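Report on the structure given below.
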Amino acid sequence: MIDASWHEHDDMDALADAVADVVGAIVEGSVEARGAAVIALPGGATPRPVFALLAEARMPWDKVIIIPTDERLVEAGDSRSNVALLEASFPSTGARFLPLAYAEGDHHAAGRAADSRLQSLQWPLDLVWLGMGGDGHTASIFPGPDLEQALTADVQRAIGVLPDPLPPEAPVARVTLTRAAILAARAILVTITGEAKRTVLKRALADGPRSQFPIGRVLAGAAPPIAIHWCPA
Ligand code: 6PG
């Protein structure tokens with residue numbers, strides 16, 4: 001059983017308020033303690049209302065570095081790019097953004113490039129904020145051929161993956177933070193909506209390393225505090 005704190009909210013407005021407060025406190029604490037905050041934020045649709053609220057918050061944004069938890073291997077400016085979504089979500093805040101990778105050669109080469117970029121970052125990350133798909137994937141750690149590598153890589157902070165089947169929402173190769181990079185973080189936050197995902201996540205946390213869902217295997221053995229925020233879809 002993976003130890004996590006569940007926070008259930010009546011609606012997305014309440015979830016967004018709560019999560020924006022949590023992220024703001026983590027950033028303030030990191031900047032106070034270390035002079036900077038390096039945070040990894042998810043792609044997908046769920047976090048967008050939170051991003052909108054967070055972008056209006058008074059924070060030491062000029063000391064914040066934002067990276068995506070994973071990136072689709074597309075050209076810069078492609079609407080499927082996670083770093084482009086993050087840049088558009090936090091305009092004129094003064095935060096800096098570190099792209100993980102673009103469509104640069106095959107996904108193995110992109111993974112090596114992303115890992116190299118992350119190796120130069122202040123580490124560990126102060127926050128890894130994750131979403132989860134209905135299949136229990138998180139970041140771009142999907143069931144399938146790359147799962148074991150994403151779970152067992154201990155030196156790499158990021159790897160390239162080619163999910164099979166390709167995810168319908170963005171059927172492209174990707175790079176993703178590895179389990180090691182996620183579990184090294186000082187804090188882990190998960191945001192999901194709807195009954196179906198709540199059932200999947202509760203099952204994944206209960207089964208941990210034996211879970212059929214990637215997120216259960218990713219979070220198994222986590223030492224950092226894990227906060228889960230949920231609201232109805
Ligand atoms: C991505 C995300 C991915 C996302 C989940 C949930 O690149 O798509 O990092 O892991 O968080 O697929 O997406 P939704 O919030 O849209 O359901």
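Because the structure is a prediction, the values reported are computed rather than measured. Counting starts at 1 for both ligands and their atoms, in listed order.
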*asked:* Treating T199 as the side-chain partner and E195 as the backbone partner, does any N or O pair qualify as donor plus acceptor under 3.5 Å?
replied: yes

*Considering only non-hydrogen protein atoms, determine which one is nearest to atom 6 (C) of ligand 1 and report residue, atom name and distance to 0.1 Å.*
M132 O, 3.5 Å

*Hey, are the side chains of V83 and Y102 touching, using non-hydrogen atoms and a 4.5 Å cut-off?*
yes

*N/O of A139 under 3.5 Å from N/O of ligand 1, yes or no?*
yes

*Side chain or backbone of A170 under 4.0 Å from ligand 1, or both, or neither, by non-hydrogen atoms?*
neither

*Starting from atom 12 (O) of ligand 1, find the nearest protein heavy-atom neighbour and note its residue, name and distance.*
H137 NE2, 2.8 Å

*List the closest protein heavy-atom neighbour of atom 13 (O) of ligand 1: residue, atom name, distance to the nearest 0.1 Å.*
G44 CA, 3.8 Å

*Decide whether an N or O pair under 3.5 Å exists between P47 and ligand 1.*
no

*Write out the residue and atom name of the closest protein heavy atom to atom 8 (O) of ligand 1, then the distance separating them to 0.1 Å.*
R72 NH2, 2.8 Å

_Contact check: N82 vs ligand 1, nitrogen or oxygen atoms, below 3.5 angstrom_ = yes

_Can you tell whether the side chains of E28 and R58 come within less than 4.0 Å, N to carboxylate O?_
no

*Specify side chain, backbone, both or neither for L130, according to which of its non-hydrogen atoms lie closer than 4.0 Å to ligand 1.*
neither

_Nearest neighbour in protein (non-hydrogen) for atom 9 (O) of ligand 1_ = D70 OD1, 2.7 Å

*With no hydrogens and no angle check, is any side-chain donor or acceptor of T176 less than 3.5 Å from a backbone partner on S140?*
yes

_Are any of the N/O atoms on T46, whether in the backbone or the side chain, positioned under 3.5 angstrom from an N/O atom of ligand 1?_
yes

*Check A185 against P224 and note the closest heavy-atom contact, atom names and distance.*
O-CG, 3.0 Å

*Any E71 heavy atom less than 4.0 Å from ligand 1*: no

_Give me the residue, atom name and distance of the protein heavy atom closest to atom 16 (O) of ligand 1._
A45 N, 2.7 Å

*Check: K197 N/O within less than 3.5 Å of ligand 1 N/O*: yes

*Please lay out, stage by stage, how D135 and H137 fare under the test side chain to side chain donor-acceptor pair (under 3.5 Å).*
CA-CA 6 Å; D135 60 356; H137 82 260; 2.7 Å; yes

*Around atom 4 (C) of ligand 1, find the nearest protein heavy atom and jot down its residue, atom name and distance.*
G43 O, 3.9 Å

_R186 with D126: basic N within carboxylate O range, under 4.0 Å_ = yes

*Got a donor-acceptor contact below 3.5 angstrom from the S30 side chain to the I26 backbone?*
yes

*Check ligand 1 against G131 and write out every atom of the ligand that is under 4.0 Å from a heavy-atom position of the residue.*
11 (O)

